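The figures that follow rest on heavy atoms only: side chains count, while hydrogens, waters and symmetry mates do not. A quick note: this is a predicted structure, and the numbers were derived from the prediction, not measured.
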Amino acid sequence: MVLPLPQRPQPGYRGRFAPSPSGLLHFGSLISALASYLHAKSCQGKWLVRIEDIDPPREQAGASSAILSTLEAFGLHWDEEVLYQSNQTQIYLDVLDYLKQQKLSYFCQCTRAEIKTAGGIYPGICKSREHPAANSAIRLINSVGHYQYQDIFQGAISCDPALAREDFILLRKDGLFAYQLAVVVDDICQGISHVIRGCDLLEPTARQLSFYHILEQPSPQYGHVPLAVTNEGYKLSKQNKAPAIDNRHPQPALIAALTFLGQEPPAELVDASVEEVITWAIKHWNLDKVPRKQQIILPE
């Protein structure tokens, strides 16, 4: 049985930014979007946008269109049609069926409390129990357990081997697709060659690399830029109610994001247009200047 996925696009640099519509873009989002955009464009590649709208209970009404408007206001223009994960349902189901047919997955009925009691990492309790589909999650049989990889910005990464070997969830008990399934399937469908994003996803990357291996698909190169955190140690995020960036006056946030990424924008860019700032940033994008840190505290 062949993996049921659309034919991959032509090879070449293909990057992407994949926000969830659980809120508006904030400064931390801008850092990730800008880094992925500049890396793609400095390599004469394509930059895609994907809306990760597979968790309706967490979504904010109107956030998807607001996110796209914000990206355009900041001069970050995508090269192909926006992909909405909510339109990928049949593809996800086909991949789940493929994994079932290949005996690469199983039904799990463990609760979070049971897993916590077992030490916090799922120990494969249901692998041999042959549960029915009803009231079950679907877990991948993780026969690979990648826990080390080379990151474009952070260098050699080593994750918790036990967590990397865990049989992780692909479909939740509530019927919603898990992030690990959707992100890998969509990156394969879109032919993504490079994933540039924040350091909060360093550890999930190990699972994604294992999943690529199991699916016998080539994996992207990964690069994780530092997280923007507050003095209290909280990362800027929608969950922490980070303020949205200002579409009406994008230049200050753009220049601040470039500075955060170590790119040293010149003072005269303060009075430049958005297009001029982006043009300068593409021309002068320098990987070596991106701080080799997992997080940076923002000045007050």
Asks: Show the numbers, then the answer: is there a side-chain hydrogen bond (donor to acceptor under 3.5 Å, both in side chains) between Arg16 and Gln190?
Replies: CA-CA 9 Å; Arg16 51 77 165 175; Gln190 293 189 290; over 6 Å; no

Asks: With rounding to the nearest 0.5 angstrom, report the SG to CZ distance, Cys159 to Arg165.
Replies: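 That separation rounds to 12.5 Å.
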
Asks: Closest heavy-atom contact between Pro19 and Ile67?
Replies: CG-CG2, 3.7 Å

Asks: Compare all side-chain heavy atoms of Asp186 with those of Gln88 and state whether any distance is below 4.5 angstrom.
Replies: yes

Asks: Taking C-beta and beyond as the side chain, do Pro6 and Ile91 meet within less than 4.5 Å on heavy atoms?
Replies: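 The answer is yes, as the side chains (C-beta and beyond) meet within the 4.5 Å cut-off.
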
Asks: Looking at Ala40 and Lys46, what are the two nearest heavy atoms and their distance?
Replies: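 Between these two residues, the closest heavy atoms are CB-O, 3.8 Å.
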
Asks: Passes side-chain contact (heavy atoms from CB on, under 4.5 Å), Gln295 versus Asp200? Steps please.
Replies: CA-CA 9 Å; Gln295 61 182 37; Asp200 52 331; over 6 Å; no

Asks: I'd like to know whether Ile157 forms a side-chain contact (heavy atoms from CB on, under 4.5 Å) with Tyr147, so could you lay out the CA-CA distance, the side-chain angles of the two residues, the decisive distance to 0.1 Å, and finally the verdict.
Replies: CA-CA 8 Å; Ile157 298 297; Tyr147 69 95; over 6 Å; no

Asks: Any sub-3.5 Å donor-acceptor pair from Glu72's side-chain atoms to Ser69's backbone N or O?
Replies: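 No, because the side chain of Glu72 does not come within donor-acceptor range (under 3.5 Å) of the backbone of Ser69.
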
Asks: Donor-acceptor check, side chain of Asp53 to backbone of Tyr84, threshold 3.5 angstrom: yes or no?
Replies: no

Asks: Do Leu76 and Ile51 share a hydrophobic cluster (ILVMFWY, side-chain heavy atoms under 4.5 Å, transitive)?
Replies: yes

Asks: Under the side-chain hydrogen bond (donor to acceptor under 3.5 Å, both in side chains) criterion, do Gln60 and Ser22 qualify, and how do the steps go?
Replies: CA-CA 5 Å; Gln60 178 179 310; Ser22 55; over 6 Å; no

Asks: Is there a side-chain contact between Ile138 and Cys108 in this structure, where contact means two heavy atoms from C-beta onward sitting under 4.5 Å apart?
Replies: no

Asks: Looking at every non-hydrogen atom in both residues, tell me the closest pair between Ala118 and Pro123 and how far apart they are.
Replies: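 Ala118 and Pro123 have their closest heavy atoms at CB-CG, 4.0 Å.
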
Asks: Who passes salt bridge (Lys or Arg N to Asp or Glu O under 4.0 Å) against Arg139, sequence neighbours left out?
Replies: none

Asks: Within the supplied structure, the quantity of interest is the number of heavy atoms (other residues, nucleotides, ligands) at a distance under 6.0 Å from Lys289 NZ; does it exceed 12?
Replies: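 Result for NZ/Lys289: enclosed.
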
Asks: Would a distance-only check, ignoring hydrogens and angles, find a side-chain to backbone donor-acceptor pair under 3.5 Å from Asp167 to Asn142?
Replies: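 Confirmed, Asp167 side chain pairs with Asn142 backbone.
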
Asks: Should Tyr92 and Ile169 be regarded as members of a common hydrophobic cluster, given that ILVMFWY residues are connected when their side-chain heavy atoms come within less than 4.5 Å of each other, either directly or indirectly?
Replies: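 Each belongs to a different hydrophobic cluster.
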
Asks: Could you tell me the separation between the CG atom of Leu83 and the CD atom of Glu52, rounded to the nearest 0.5 Å?
Replies: 10.0 Å

Asks: For the hydrophobic clusters of this structure (ILVMFWY residues joined by side-chain heavy atoms under 4.5 Å, transitively), does one cluster hold both Val225 and Phe27?
Replies: yes

Asks: Output yes when Arg172 and Asp55 qualify as a salt bridge under the 4.0 Å nitrogen-oxygen rule, no when they do not.
Replies: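 Salt bridge: yes.
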
Asks: Which pair of heavy atoms, one from Trp280 and one from Glu264, lies closest together, and at what distance?
Replies: CH2-O, 3.7 Å

Asks: Pair up each side-chain donor or acceptor in residues 210-218 with any protein partner under 3.5 Å, not counting sequence neighbours, and list the distances.
Replies:
residue : atom : partner : partner atom : Å
Ser210  : OG   : Gly145  : N            : 3.4
Ser210  : OG   : His146  : N            : 2.8
Ser210  : OG   : Ala206  : O            : 3.3

Asks: Might you point out which heavy atoms bring Gln154 and Pro291 nearest each other, and give the distance in Å?
Replies: NE2-O, 4.2 Å

Asks: Quick one: hydrophobic cluster around Tyr122, which other residues, with the 4.5 Å side-chain cut-off, linked directly or via members?
Replies: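 Cluster partners of Tyr122: Tyr106, Ile115, Ile125, Ile141.
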
Asks: Please round to the nearest 0.5 Å and tell me the distance separating atom CG of Leu254 and atom CD1 of Ile278.
Replies: 5.0 Å

Asks: Judged by atom type as modelled, is there a donor-acceptor pair below 3.5 Å linking the side chain of Gln148 to the main-chain atoms of Pro161?
Replies: no

Asks: May I ask you to decide if Ser29's main-chain N or O and Ser32's side chain share a donor-acceptor pair within less than 3.5 Å?
Replies: no

Asks: Got Leu298 and Val229 here, is their nearest side-chain heavy-atom distance under 4.5 Å?
Replies: no

Asks: Heavy atoms, side chains only, cut-off 4.5 Å: are Phe177 and Val183 in contact?
Replies: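 With C-beta onward as the side chain, the pair stays apart.
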
Asks: Can Leu258 and Leu38 be said to form a side-chain contact (heavy atoms from CB on, under 4.5 Å), step by step?
Replies: CA-CA 10 Å; Leu258 286 170; Leu38 294 178; 3.7 Å; yes

Asks: Counting only heavy atoms from other residues, nucleotides and ligands, does the tally under 6.0 Å from CZ of Phe107 exceed 12?
Replies: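 Correct, the count exceeds 12.
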
Asks: Is any side-chain heavy atom of Lys173 closer than 4.5 Å to one of Thr111?
Replies: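 Heavy-atom side-chain distance check passes, below 4.5 Å.
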
Asks: From Leu93 CG over to Leu181 CG, what is the distance, rounded to the nearest 0.5 angstrom?
Replies: 9.0 Å

Asks: Could you tell me whether the side chain of Gln101 and the main chain of Tyr98 form a donor-acceptor pair under 3.5 Å?
Replies: no

Asks: I'd like to check the salt bridge (Lys or Arg N to Asp or Glu O under 4.0 Å) partners of Glu81; sequence neighbours left out, ordered by chain and number.
Replies: none

Asks: If the test is ring-ring contact (aromatic ring centres under 6.0 Å, His included), which one of Tyr13, Tyr37, Trp78 qualifies with Trp47?
Replies: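 It is Tyr37; the other options fail the test.
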
Asks: Step by step, work out the side-chain contact (heavy atoms from CB on, under 4.5 Å) result for Arg207 and Thr205.
Replies: CA-CA 5 Å; Arg207 291 183 167 187; Thr205 298; over 6 Å; no

Asks: Supply the atom-to-atom distance Gln208 CD to Asp187 CG, rounded to the nearest 0.5 angstrom.
Replies: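 That separation rounds to 7.5 Å.
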
Asks: Do the side chains of Lys41 and Asp79 get close enough for a salt bridge, i.e. N-O under 4.0 angstrom?
Replies: yes

Asks: Give a yes or no on whether the backbone of Leu261 and the side-chain of Gln263 come within a donor-acceptor separation of less than 3.5 Å.
Replies: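 Yes; judged by distance alone, with no hydrogens or angles, the pair exists.
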
Asks: Same cluster or not: Val290 versus Ile255, using hydrophobic residues (I, L, V, M, F, W, Y) connected whenever any side-chain heavy atoms lie under 4.5 Å apart?
Replies: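 In one cluster with Val290: Ile255, yes.
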
Asks: Taking His39 for the side chain and Ala35 for the main chain, is one N or O donor matched with an acceptor at less than 3.5 Å?
Replies: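 Looks like no, no N/O pair under 3.5 Å.
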
Asks: Are any non-hydrogen side-chain atoms of Val195 and Phe17 less than 4.5 angstrom apart?
Replies: no

Asks: I'd like to know if Leu287 and Ile282 are part of one continuous hydrophobic network [Ile/Leu/Val/Met/Phe/Trp/Tyr, side-chain heavy atoms within less than 4.5 Å].
Replies: yes

Asks: Indicate yes or no: at least one non-hydrogen side-chain atom of Leu202 is less than 4.5 angstrom from one of Tyr149.
Replies: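 Touching, per the 4.5 Å side-chain cut-off.
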
Asks: Which heavy atom of Pro21 sits nearest a heavy atom of Ser64, and at what distance?
Replies: CB-OG, 3.3 Å

Asks: Sequence neighbours left out, what passes salt bridge (Lys or Arg N to Asp or Glu O under 4.0 Å) with Glu80? Give chain and number order.
Replies: Arg14

Asks: Suppose clustering is done on Ile, Leu, Val, Met, Phe, Trp and Tyr with side-chain heavy atoms closer than 4.5 Å. Which residues sit in the same group as Ile121?
Replies: Leu163

Asks: Could you grab the distance from atom NZ of Lys293 to atom SG of Cys199, nearest 0.5 Å is fine?
Replies: 12.0 Å

